[in-house]
Amino acid sequence: MAEKKTPREILESKGPIDKDVLGIKLRGVKGDAALVDLQTPIDADAPFDLLRRGQKEALELIRHSSAHVMADAVQRLFPGTKVTFGPSTENGFYYDFDRKGGTFTDEDLAKIEATMREIIATKSPFVREAISREDAVALFTKMGETYKVEWMQQLPEGTEFTVYKHGPEGHQWVDFCKGPHVANTGDLAAIKLTAVSGTYWRGQEGNPVLQRIYGTAFPSEKALDAYLKQVEEAKARDHRKLGKELELFEFDENAPASPFFLPRGAKVYHRLVDYVRDLYFRYGYDEVVTPQIYSNEIFQTSGHLSNYRESMYMALTVEEFEDADVLGKIRESMVDQTGDKEKLAFLAKHTRGVKAMNCPGHAQLFSHRKRSYRELPWRCADFGRLHRYERGGVVHGLARVRTFCQDDAHIFCTMAQVESEIASFNTLLEEVYGAFGFKDVNIKLATRPDKRMGSDAQWDEAEGALAKALQSVGREFEISEGEGAFYGPKLEYHVKDAIGRSWQLGTIQVDFQMPRSFELKYVDEHGKDQTPVMLHRAVLGSLERFFAVYLEHIAGSFPVWLAPEQICLLTVTDKVDDYAREAEAYLRSRGIRTAIDLSSDKLGAKIRNARGLRYPYLAVIGAKEAEGRALALRRGNEEFGALALEAVADRLVEEGKFPRKA
RNA sequence: GCCCACCUAGCUCAGUCGGUAGAGCGCGUCCUUGGUAAGGACGAGGUCACCAGUUCAAUCCUGGUGGUGGGCUCCA
């Protein structure tokens, strides 16, 4: 067996260690396990690379160590507070505390941060110690750290127990921890506490509520500043801010989490819908219009009443409310969690639901007459408005709302057609994401969730079909375990925006379940009844959410084909108002979305205002232009000089067309 | 839903250690007719989110309700 040595010992045998070396990275080991600090024994002959301060992986050590220092500071300032978990995260770190009868305020954070700086300034080493399970349990029991003890006791046999200590002699702070850590508190150069929030012990609702303090840490003040600047940049692009500034949409507390699209926003919204319609025409979809409210019998058939009830709005008439007897029974049945069949049947018969998805309506529509295999695949599209009750804490601007519309469609097809439908959908998606300037697209295959319908065999079949279709078009994908819908697995298309954030847009889901529930049939070429497969799919997903994502992606500057107004006419003097109005009317007659500023502001002010509203094109109209039936065109800082009105119109008509893949 | 914070004019925000409030932008009227990122004057505009409580007095303190924001996946 190879001799064990710490990296520090190995490195020191060759000379003094560069103080920028915070740890090592083992070669040939994957993931976090490859990161080892300087004091954890490794095989003396194991190959490794140095992990230096500036490297991305070093952040893990810096942040995890920062979390320890923070917990130390918290326990100094607030004795009796218990520690739980404190990992590093993508953007920083956090530590969850159980503070006796209290929470942390912003002032507390400032104090904690100050104490952290004091601890860092002591430049005391992080010390790793192996410890037996029994000793660890005894030590942390004595310290009153019940959460740590609970955690230790459920760790499997054979787990190596270690503790890390830091701080000046006599005042050392100790945590049960597997590391890795930086060598010394002095290695922490730039820390900042950012937020406080509540959370549950081990993330489970129902467990004790803990206080989580978030912070971030970087190898240098400069890197921290850069990060904070990036946060500012994201803030500046925030769609809620842009939506207000550009008068695109707003919210009102009479309809929480439900957007009102203002005229400018509605123009963009409808352009998006029309763009998708144009795609539908080319890709062979049929659009339908379907009801908003249905008898719950349809949602019983679809499974929504059992599986999706908590997210659904229910609709009753006054007459129904007046019948106290029935109402009582409805209430009793509605809150029943046991899945009692009689209660479900009662609900289905006596109540109505506002649709949260279009699929039940489409399944019903499919079944309205005898279908032939010759009609398949039938691609049934619907821009129907959906309502879903989302819990108060999760709604977010346009990105997570309670009423929205998807560019939704259901493809009814034969099993043999599934693969080609998915391949064709993939082509459509690539065209669309290209049109919006999203370059980085990732696909995830979401598999069976705990709460689901159908047998394991059906799920095997459905998951297999998706994977096979993707492989056939040569697309790579990741598996997203347990994230599927209750009726079937799905592919999720995730795109990266202009500042590197990832968003899920499109999705396609295989559903063998709903066609069976609705007893959907088509007649095959032998005259025999067959059950079709249903594919649920969306390209942009929720239009509201897409609006938000895209608005942030473009930082409010819409391309000509989507902009609420493609051009704004600015007059130099009111002597040219008549010509300006005439030009506006002409542009509009050419189908160009045109704004006009006839106010008494000076030109400089008009330009400033117009740029604030981010019109793609500005056209200055003075005496010269009026005389020559021209527009002095400008885009951004680029001035094109006076161009004939018709020429400007030609240009805008051309640039205003839907983008199409050649 | 849970934890924390916030809610003052259309917008962005001051302010009142308890005595019913201000600015800038925007809006209106007027003056100015100005050529590529803010011309000027005057004016209107507020149940300080809502409901209770404490108080001689509440926008301010306390409690509740509603809304908004940040979290609630990363596991010693």
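Chain naming here is simple, since letters A, B, ... match the order of the sequence lines and numbering starts at 1 in each. What you see is a predicted model; the values in this text were computed from it and never measured.
Secondary structure note: stems in RNA chain B built from 3 or more consecutive Watson-Crick or G-U wobble pairs under 3.5 Å occupy B:1-7 with B:66-72, B:10-13 with B:22-25, B:27-31 with B:39-43, B:49-53 with B:61-65.
Rounded to whole angstrom, the span from the CZ atom of A:R240 across to the P atom of B:G67 amounts to 16 Å. The distance between atom CZ of A:F85 and atom C1' of B:U73, rounded to the nearest whole Å, is 14 Å.
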Subject >> Per-nucleotide protein contact string for nucleotides 23-36 of chain B, where B marks a base within reach and S marks sugar-phosphate only (heavy atoms under 4.0 Å, - for neither) >> reply: --------BBBBBB
**OP:** Produce a footprint string for nucleotides 1-6 of chain B: one letter per nucleotide, 5' end first; B if the base is under 4.0 Å from any protein heavy atom, S if only the sugar-phosphate is, - if neither.
**Re:** BBBS--
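Evaluation of the salt bridge (charged side-chain N to carboxylate O under 4.0 Å, His left out) rule for A:D72 yields A:R76 as partners, not counting sequence neighbours. With sequence neighbours excluded, no residue forms a side chain to side chain contact (heavy atoms under 4.5 Å, CB included) with A:A236. Taking the side chain to side chain contact (heavy atoms under 4.5 Å, CB included) definition, one finds that A:R400 meets it with A:E390, A:V394, A:H396, sequence neighbours left out. Partners of A:E627 according to the side chain to side chain contact (heavy atoms under 4.5 Å, CB included) rule, which considers only residues two or more places apart in sequence or in another chain, do not exist here.
Across all strands, A:G482 comes closer than 4.0 Å to no nucleic acid atom at all (heavy-atom distances).
For residues 602-614 of chain A, no residue pair satisfies the salt bridge (Lys or Arg N to Asp or Glu O under 4.0 Å) rule, not counting sequence neighbours.
For residues 152-166 of chain A, proximity to RNA chain B is found at A:T159, A:E160, defined as any non-hydrogen atom under 4.0 angstrom from a strand atom.
Classified by interplanar angle (parallel below 30°, tilted 30° to 60°, perpendicular above 60°), the ring pair A:W173/A:H68 is perpendicular.
A donor-acceptor pair under 3.5 Å is formed between the side chain of A:R264 and the backbone N or O of A:L246.
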Output one line per pair: protein atom, nucleotide atom from nucleotides 9-13 of chain B, and distance, for all N/O pairs under 3.5 Å.
unit_1 : atom_1 : unit_2 : atom_2 : d
B:U12  : OP1    : A:K244 : NZ     : 2.9

Which pairs, protein N/O on one side and nucleotides 42-50 of chain B N/O on the other, fall under 3.5 Å?
none

Would you mind writing out the side-chain donor-acceptor pairs for residues 190-198 of chain A within the sub-3.5 Å range, not counting sequence neighbours?
unit_1 : atom_1 : unit_2 : atom_2 : d
A:T194 : OG1    : A:Y214 : O      : 3.3

